[in-house]
Amino acid sequence: MRHPRPDLAPDAGLSRAEMEALQREIADAAVFEDDFAFDPATLSNPLATTASAGDPPVVVGVDQSFLTNEDGDQDRALSAVVATRGGEVIERVHAVTPLEIPYVPGLLSFREGAPILAALDELSVEPDLLLFDGSGRIHFRQAGIATHMGVVRDVPSIGVAKSLLCGTPREDTDDLLEGTRVAIESNSRVDAPDGTLLGYAVQTRQYDSPNRYINPLYVSPGHRVGPETAADVVLALASSYKLPEPVRLADQYADEAKRNLTE
DNA sequence: GCGACAG
DNA sequence: ATCTTGTCGC
């Protein structure tokens, strides 16, 4: 049974201190371990559905683009949501809401949360897993955008960031082999005991031979997913590109929907 | 005071 | 995030 927490929804009108206090509440409500019904094994192999527990889970990717004003100012955020199941796109929806506050590292969900929740409301299918472009537990107060949205909806979620917000890799993350991961642990900048496992640097793609390297993704639990599983899921969903497919598709769709409103 | 800082 | 074609390398 789900227990959504609309009371913890992002409010761009809060003061910075209030936002940070809300994030601590969110981190308290968040579950950073596996707590979902679907079988992760059905993610990578669409043909394994017959042998496993029914249909593959509905995995939803979320990403944003921004719309500009007549004066050239970014005044609206567009959130694109792409629902997939067994590798197939089953639904795409998007929503546009006014942009209330500027980008502040650590407070991303208060800037982009409204359009995301609005877009998720448009979805007719029930998501089993949400994938976000940004951090989950790898966050100053362990409440990145993936955690915030996951807790508000009480849907399992994972944060997929292209750069590291905070925390420290336990080993060098340069030139990792494809399919490998390096733990990211908390440091003094994180509101958690030093050494806490926050997530993983995950190398979904890598060049074979030359002197060229691809940066890893920084994957962390949003809600109801453990760090190990979060990394497993991202690796399973990143087939031919660096980003897991649902997020890559949402990325594309965010630009496509933007063009349709701009051109 | 200085540095760090998802999208 | 966003402004943006070609281009270097496998």
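The chains referred to below are lettered A, B, ... by the order of the sequence lines, with proteins before strands, and numbering in each begins at 1.
- If you measure from atom CG of A:D63 to atom C1' of C:dA1, you get 9 Å, rounded to the nearest angstrom.
- Between the P atom of B:dC5 and the CZ atom of A:F140 lies a distance of 8 Å, rounded to the nearest Å.
- Salt bridge present: A:R24 and A:D191 bring a charged side-chain N and a carboxylate O closer than 4.0 Å.
- Here C:dA1 presents its P atom at 19 Å from OH of A:Y253, a figure rounded to the nearest Å.
- Residues A:Q64 and A:S79 bring a donor and an acceptor atom of their side chains to less than 3.5 Å of each other.
- Nucleic acid contact for A:L217: none, since no nucleic acid atom lies under 4.0 Å from a heavy atom of the residue.
- In terms of phosphate contacts, A:K162 brings a side-chain nitrogen or oxygen within less than 4.0 Å of OP1 or OP2 of B:dG7.
- Within the 3.5 Å criterion, the main-chain N or O of A:A30 finds no donor-acceptor partner in the side chain of A:H223.
- A:L243 has its CG atom 16 Å from the P atom of B:dA6, to the nearest Å.
- Taking side-chain N and O atoms only, A:S163 has no distance below 4.0 Å to OP1 or OP2 of B:dC5.
- The distance between the ring centers of A:F110 and A:H148 falls below 6.0 angstrom.
- The shortest distance between the side-chain N/O atoms of A:Y207 and the OP1/OP2 oxygens of C:dG9 is not below 4.0 Å.
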Quick test: give all pairs of protein nitrogen or oxygen and nucleotides 2-8 of chain C nitrogen or oxygen below 3.5 Å, distance rounded to 0.1 Å.
none

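- One atom, CG of A:L108, and another, P of B:dA6, lie 9 Å apart when rounded to the nearest Å.
- Taking atom CD1 of A:I116 as the reference point, atom P of B:dA6 lies 16 Å away to the nearest angstrom.
- A cation-pi contact, defined as under 6.0 Å to the ring centre and within 45° of the axis, links A:R92 to A:Y253.
- Counting non-hydrogen atoms under 4.0 angstrom, A:G159 reaches nothing in the nucleic acid.
- A donor-acceptor pair under 3.5 Å links the side-chain atoms of A:R2 to the main chain of A:R153, judged by distance alone.
- No contact: A:I138 has no heavy atom under 4.0 Å from any strand.
- Across the protein-nucleic acid pair, A:M19 atom CE and B:dA6 atom P stand 17 Å apart, rounded to whole Å.
- One interatomic measurement links the two molecules: CD of A:Q206 to P of C:dG9, which rounds to 17 Å at whole-angstrom precision.
- Cation-pi check for A:R181 over A:Y200 is met; the charged atom lies under 6.0 angstrom from the ring centroid and within 45 degrees of its normal.
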